[in-house]
*Asks:* 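Here it is, the structure in full.
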Amino acid sequence: GEKQELGHLGPDLEDEALMMKRAVQEKVKQFSKELHRVNKQRLEAGQAAGPKPTPKPEPKPNARAKALEFAKNVPKPKVEPRAVQIGESKAPNEGGQPGKVGSSPSQ
(Lines give C-alpha, C1' and ligand atoms only; values in the text may rest on other atoms or scores of the structure.)
Protein backbone atom coordinates (compact mmCIF):
# COMPACT_ATOMS: atom_id res chain seq x y z
CA GLY A 1 0.00 0.00 0.00
CA GLU A 2 1.40 3.18 -1.24
CA LYS A 3 -0.79 6.20 -1.36
CA GLN A 4 -1.85 7.19 -4.90
CA GLU A 5 -2.23 10.87 -5.94
CA LEU A 6 -5.59 11.40 -7.51
CA GLY A 7 -6.36 14.08 -10.09
CA HIS A 8 -7.87 17.44 -9.18
CA LEU A 9 -11.14 18.78 -10.44
CA GLY A 10 -9.61 22.20 -11.34
CA PRO A 11 -11.34 25.55 -11.25
CA ASP A 12 -14.96 25.85 -12.33
CA LEU A 13 -14.56 28.36 -15.16
CA GLU A 14 -18.26 28.24 -16.01
CA ASP A 15 -19.34 29.45 -12.56
CA GLU A 16 -22.08 32.11 -12.69
CA ALA A 17 -20.35 34.48 -10.19
CA LEU A 18 -17.00 34.19 -11.99
CA MET A 19 -18.61 34.96 -15.34
CA MET A 20 -20.31 38.04 -13.86
CA LYS A 21 -17.02 39.28 -12.45
CA ARG A 22 -15.34 38.85 -15.82
CA ALA A 23 -18.16 40.70 -17.60
CA VAL A 24 -17.94 43.62 -15.17
CA GLN A 25 -14.15 43.67 -15.47
CA GLU A 26 -14.38 43.74 -19.27
CA LYS A 27 -16.93 46.59 -19.15
CA VAL A 28 -14.63 48.63 -16.92
CA LYS A 29 -11.70 47.97 -19.25
CA GLN A 30 -13.70 49.08 -22.32
CA PHE A 31 -14.92 52.20 -20.52
CA SER A 32 -11.35 53.05 -19.53
CA LYS A 33 -10.11 52.69 -23.11
CA GLU A 34 -12.94 54.86 -24.42
CA LEU A 35 -12.32 57.51 -21.78
CA HIS A 36 -8.61 57.52 -22.60
CA ARG A 37 -9.41 57.99 -26.30
CA VAL A 38 -11.85 60.86 -25.63
CA ASN A 39 -9.40 62.63 -23.32
CA LYS A 40 -6.64 62.28 -25.90
CA GLN A 41 -8.88 63.86 -28.57
CA ARG A 42 -9.79 66.74 -26.28
CA LEU A 43 -6.15 67.35 -25.44
CA GLU A 44 -5.14 67.39 -29.11
CA ALA A 45 -8.05 69.70 -30.00
CA GLY A 46 -7.05 72.08 -27.19
CA GLN A 47 -3.44 72.19 -28.36
CA ALA A 48 -4.50 72.82 -31.97
CA ALA A 49 -6.45 75.91 -30.89
CA GLY A 50 -3.26 77.34 -29.43
CA PRO A 51 -2.24 78.18 -25.92
CA LYS A 52 -4.44 80.66 -24.16
CA PRO A 53 -2.70 83.94 -23.37
CA THR A 54 -2.53 84.19 -19.62
CA PRO A 55 -3.12 87.71 -18.38
CA LYS A 56 -0.29 88.90 -16.19
CA PRO A 57 -1.76 89.47 -12.75
CA GLU A 58 -0.82 92.75 -11.11
CA PRO A 59 1.22 92.09 -7.98
CA LYS A 60 -0.61 92.81 -4.77
CA PRO A 61 0.93 95.77 -2.98
CA ASN A 62 2.77 94.52 0.07
CA ALA A 63 3.50 96.61 3.16
CA ARG A 64 6.78 97.98 1.76
CA ALA A 65 5.18 99.04 -1.53
CA LYS A 66 2.37 100.77 0.35
CA ALA A 67 4.86 102.59 2.57
CA LEU A 68 6.91 103.78 -0.42
CA GLU A 69 3.80 105.04 -2.17
CA PHE A 70 2.74 106.88 0.98
CA ALA A 71 6.22 108.38 1.41
CA LYS A 72 6.08 109.87 -2.10
CA ASN A 73 2.99 111.87 -1.15
CA VAL A 74 4.11 113.11 2.27
CA PRO A 75 4.91 116.86 2.18
CA LYS A 76 8.53 117.59 3.06
CA PRO A 77 9.15 119.99 5.95
CA LYS A 78 10.68 123.33 5.07
CA VAL A 79 14.18 123.75 6.50
CA GLU A 80 15.08 127.19 7.85
CA PRO A 81 18.76 128.14 7.48
CA ARG A 82 20.58 128.37 10.83
CA ALA A 83 22.44 131.51 11.79
CA VAL A 84 25.97 130.60 12.96
CA GLN A 85 26.96 132.63 16.02
CA ILE A 86 30.65 133.10 16.72
CA GLY A 87 31.88 133.12 20.32
CA GLU A 88 29.34 130.79 21.89
CA SER A 89 30.36 127.41 23.23
CA LYS A 90 28.68 124.65 21.21
CA ALA A 91 29.35 121.60 23.35
CA PRO A 92 31.48 120.53 26.33
CA ASN A 93 33.71 118.36 24.08
CA GLU A 94 34.77 121.26 21.88
CA GLY A 95 38.26 120.76 20.53
CA GLY A 96 38.52 117.15 21.75
CA GLN A 97 38.08 113.90 19.95
CA PRO A 98 34.61 113.30 18.66
CA GLY A 99 32.62 110.89 20.74
CA LYS A 100 34.46 111.48 24.01
CA VAL A 101 32.36 113.61 26.31
CA GLY A 102 34.11 115.96 28.71
CA SER A 103 37.58 115.62 27.25
CA SER A 104 39.67 118.71 26.65
CA PRO A 105 42.84 119.22 24.63
CA SER A 106 44.93 119.83 27.78
CA GLN A 107 44.44 116.32 29.16
*Asks:* To the nearest 0.5 angstrom, please state how far the CG atom of Asp15 sits from the NZ atom of Lys21.
*Replies:*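 Going from CG on Asp15 over to NZ on Lys21, the span is 9.0 Å.
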*Asks:* On a heavy-atom basis, which atom in Leu18 and which in Leu13 lie closest, and how many Å separate them?
*Replies:* CD2-CA, 4.0 Å
*Asks:* Please enumerate all residues that pass side-chain hydrogen bond (donor to acceptor under 3.5 Å, both in side chains) together with Glu34, with sequence neighbours excluded.
*Replies:* Arg37
*Asks:* Glu16: what forms a side-chain contact (heavy atoms from CB on, under 4.5 Å) with it, not counting sequence neighbours?
*Replies:* none
*Asks:* Show me the pairs that pass salt bridge (charged side-chain N to carboxylate O under 4.0 Å, His left out) and involve residues 67-84, at least two apart or across chains.
*Replies:*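 Qualifying pairs, neighbours excluded: none.
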*Asks:* Which atom pair, heavy atoms only, marks the closest approach of Glu14 to Met19?
*Replies:* O-SD, 3.8 Å
*Asks:* Which residues end up grouped with Phe70 if you chain together Ile, Leu, Val, Met, Phe, Trp and Tyr wherever their side-chain heavy atoms are less than 4.5 Å apart?
*Replies:* Val74
*Asks:* Suppose we screen for side-chain contact (heavy atoms from CB on, under 4.5 Å). Which residues come up paired with Asn39, at least two apart in sequence or across chains?
*Replies:* Leu35
*Asks:* What residues, two or more places apart in sequence or in another chain, satisfy side-chain hydrogen bond (donor to acceptor under 3.5 Å, both in side chains) together with Glu26?
*Replies:* Gln30
